[in-house]
**Q** 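First the structure, then my questions, so here it is.
Sequence positions, counted from 1, serve as the residue numbers for this chain.
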Amino acid sequence: ADDADQSDPRESCFRGPGRGTRVTAIDVEFAVVLGCLPSSSMLRSRCARAVRLVREHQARKLFLTGTAAEAAAMVALCVDAGDVEFVVDDQARRTFDNIKHARAFVGDADVWLVTSRFHLPRALFLARHVGLRAHGVGDDGPAPTMATRLREGVAWCGAIVDAARG
């Protein structure tokens with residue numbers, strides 16, 4: 001592949017690889033997919049991006065993490081995609097839980113962290129805080145609405161409190 005098709009995972013925490021862009025090859029067992037509203041286009045986009053990582057041999061399996069409803073929706077999306085192995089965590093209620101559960105499951109291994117582009121900086125901040133060796137991959141989903149941007153700003157306050165509490 002030529003250099004234009006490569007993306008440095010450290011850069012992807014802010015912009016994520018675009019459509020058709022391959023992420024830089026690293027030896028990764030899991031792509032961790034963070035849940036969101038079960039019937040949303042954001043969740044479909046996150047799962048589609050994660051499935052692409054597996055099909056492009058960038059990850060071998062998916063770790064799907066979210067609430068019970070989010071996890072069930074992600075399982076359905078991944079089953080529909082065909083031959084993709086996954087592990088399910090349906091006990092996470094928020095991003096900090098997603099990250100802690102992924103860290104507990106994968107240990108010190110490197111992972112791709114798949115979420116919406118606007119959500120990546122906060123998710124990677126929390127990942128660094130708990131010691132999850134995450135490389136961010138933004139999905140190809142829709143641009144966030146103003147309400148989503150405001151919610152994300154408020155959620156940053158919670159993330160800082162979570163990090164301070166440990």
Side-chain angles (χ1 to χ4, degrees), residues 7 9 12-23 28-106 110-127 130 132 134-159 162:
S7 176
S12 68
C13 71
F14 297 107
R15 58 179 173 74
R19 287 179 174 81
T21 303
R22 292 180 58 89
V23 292
V28 172
E29 180 78 15
F30 284 97
V32 175
V33 186
L34 304 185
C36 62
L37 293 172
S39 61
S40 69
S41 61
M42 281 193 297
L43 188 63
R44 287 189 299 277
S45 184
R46 291 177 188 187
C47 289
R49 184 65 183 107
V51 166
R52 250 186 16 245
L53 286 170
V54 172
R55 290 195 175 139
E56 293 171 352
H57 307 287
Q58 300 294 319
R60 290 180 278 288
K61 301 174 190 167
L62 303 179
F63 182 82
L64 310 174
T65 176
T67 64
E70 292 166 351
M74 289 189 284
V75 166
L77 290 166
C78 291
V79 166
D80 286 348
D83 193 26
V84 176
E85 289 184 60
F86 52 85
V87 173
V88 179
D89 162 37
D90 63 1
Q91 300 299 306
R93 299 176 64 78
R94 55 203 186 100
T95 303
F96 193 53
D97 296 338
N98 297 134
I99 300 298
K100 288 190 309 186
H101 296 180
R103 171 68 167 93
F105 184 79
V106 303
D110 283 278
V111 298
W112 293 116
L113 185 60
V114 182
T115 189
S116 302
R117 290 180 191 190
F118 70 86
H119 187 238
L120 264 175
R122 180 167 56 92
L124 288 171
F125 167 79
L126 291 168
V130 302
L132 179 64
H135 305 274
V137 178
D139 67 9
D140 295 329
T145 63
M146 182 57 72
T148 301
R149 289 174 194 258
L150 288 171
R151 184 202 173 281
E152 186 64 14
V154 171
W156 262 104
C157 297
D162 287 336

**Q** Going by the rule side-chain contact (heavy atoms from CB on, under 4.5 Å), which residues pair with Ala69 if we only count those two or more places apart in sequence or in a different chain?
**A** Pro38, Thr67
**Q** Which atom names give the shortest non-hydrogen contact between Asp90 and Ala71, and what distance separates them?
**A**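 Heavy atoms of Asp90 and Ala71 come nearest at CB-CB, 3.6 Å.
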**Q** What pairs with Asp162 under side-chain hydrogen bond (donor to acceptor under 3.5 Å, both in side chains), at least two apart in sequence or on another chain?
**A** Arg94
**Q** Report the residue from Val51, Leu64, Leu62, Leu53 that forms a side-chain contact (heavy atoms from CB on, under 4.5 Å) with Val114.
**A**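 Testing each of Val51, Leu64, Leu62, Leu53 against Val114, the sole residue satisfying side-chain contact (heavy atoms from CB on, under 4.5 Å) is Leu53.
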**Q** Does any pair with a residue in residues 63-93 pass ring-ring contact (aromatic ring centres under 6.0 Å, His included), and if so which ones, sequence neighbours excluded?
**A** Phe63-Phe105
**Q** Does Arg151 have more than 12 heavy atoms from other residues, nucleotides or ligands lying within 6.0 Å of its CZ?
**A**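 Incorrect, the count does not exceed 12.
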**Q** Sequence neighbours excluded, which residues qualify as salt bridge (Lys or Arg N to Asp or Glu O under 4.0 Å) partners of Arg93?
**A**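 Partners of Arg93 under the salt bridge (Lys or Arg N to Asp or Glu O under 4.0 Å) test: none.
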**Q** For Ala92, what residues pass the side-chain contact (heavy atoms from CB on, under 4.5 Å) criterion, not counting sequence neighbours?
**A** Thr65, Asp89, Asp97, Asn98, His101
**Q** Take Asp110 and His135, measure what side-chain contact (heavy atoms from CB on, under 4.5 Å) needs, and give me the verdict at the end.
**A** CA-CA 7 Å; Asp110 283 278; His135 305 274; 2.6 Å; yes
**Q** For Asp80, I'd like to know if atom CG has over 12 heavy atoms of other residues, nucleotides or ligands within 6.0 Å.
**A** yes
**Q** Give me each pair satisfying side chain to side chain donor-acceptor pair (under 3.5 Å) with a member in residues 30-44, each pair once, sequence neighbours excluded.
**A** none
**Q** My understanding is that only residues two or more places apart in sequence, or in another chain, count here; which of them pass side-chain hydrogen bond (donor to acceptor under 3.5 Å, both in side chains) with Glu152?
**A** Arg122
**Q** So, do Arg46 and Leu34 sit near enough that their side-chain heavy atoms are less than 4.5 Å apart?
**A**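 Yes - at least one pair of side-chain heavy atoms lies under 4.5 Å apart.
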**Q** Applying ring-ring contact (aromatic ring centres under 6.0 Å, His included), name anything that partners Phe125, two or more places apart in sequence or on another chain.
**A** Trp156
**Q** Can you tell if the side chain of Phe118 reaches within under 4.5 Å of the side chain of Met42, non-hydrogen atoms only?
**A** yes
**Q** Go through the structure and list residues passing side-chain contact (heavy atoms from CB on, under 4.5 Å) with Val130, not counting sequence neighbours.
**A**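 Per chain and number, Val130 pairs via side-chain contact (heavy atoms from CB on, under 4.5 Å) with Phe96, Ile99, Lys100, Arg103, Leu132.
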**Q** Taking the side chain as every heavy atom from C-beta outward, state whether Val137 and Gln58 have any atom pair closer than 4.5 Å.
**A** no
**Q** With sequence neighbours excluded, tell me which residues meet salt bridge (Lys or Arg N to Asp or Glu O under 4.0 Å) with Glu85.
**A** none
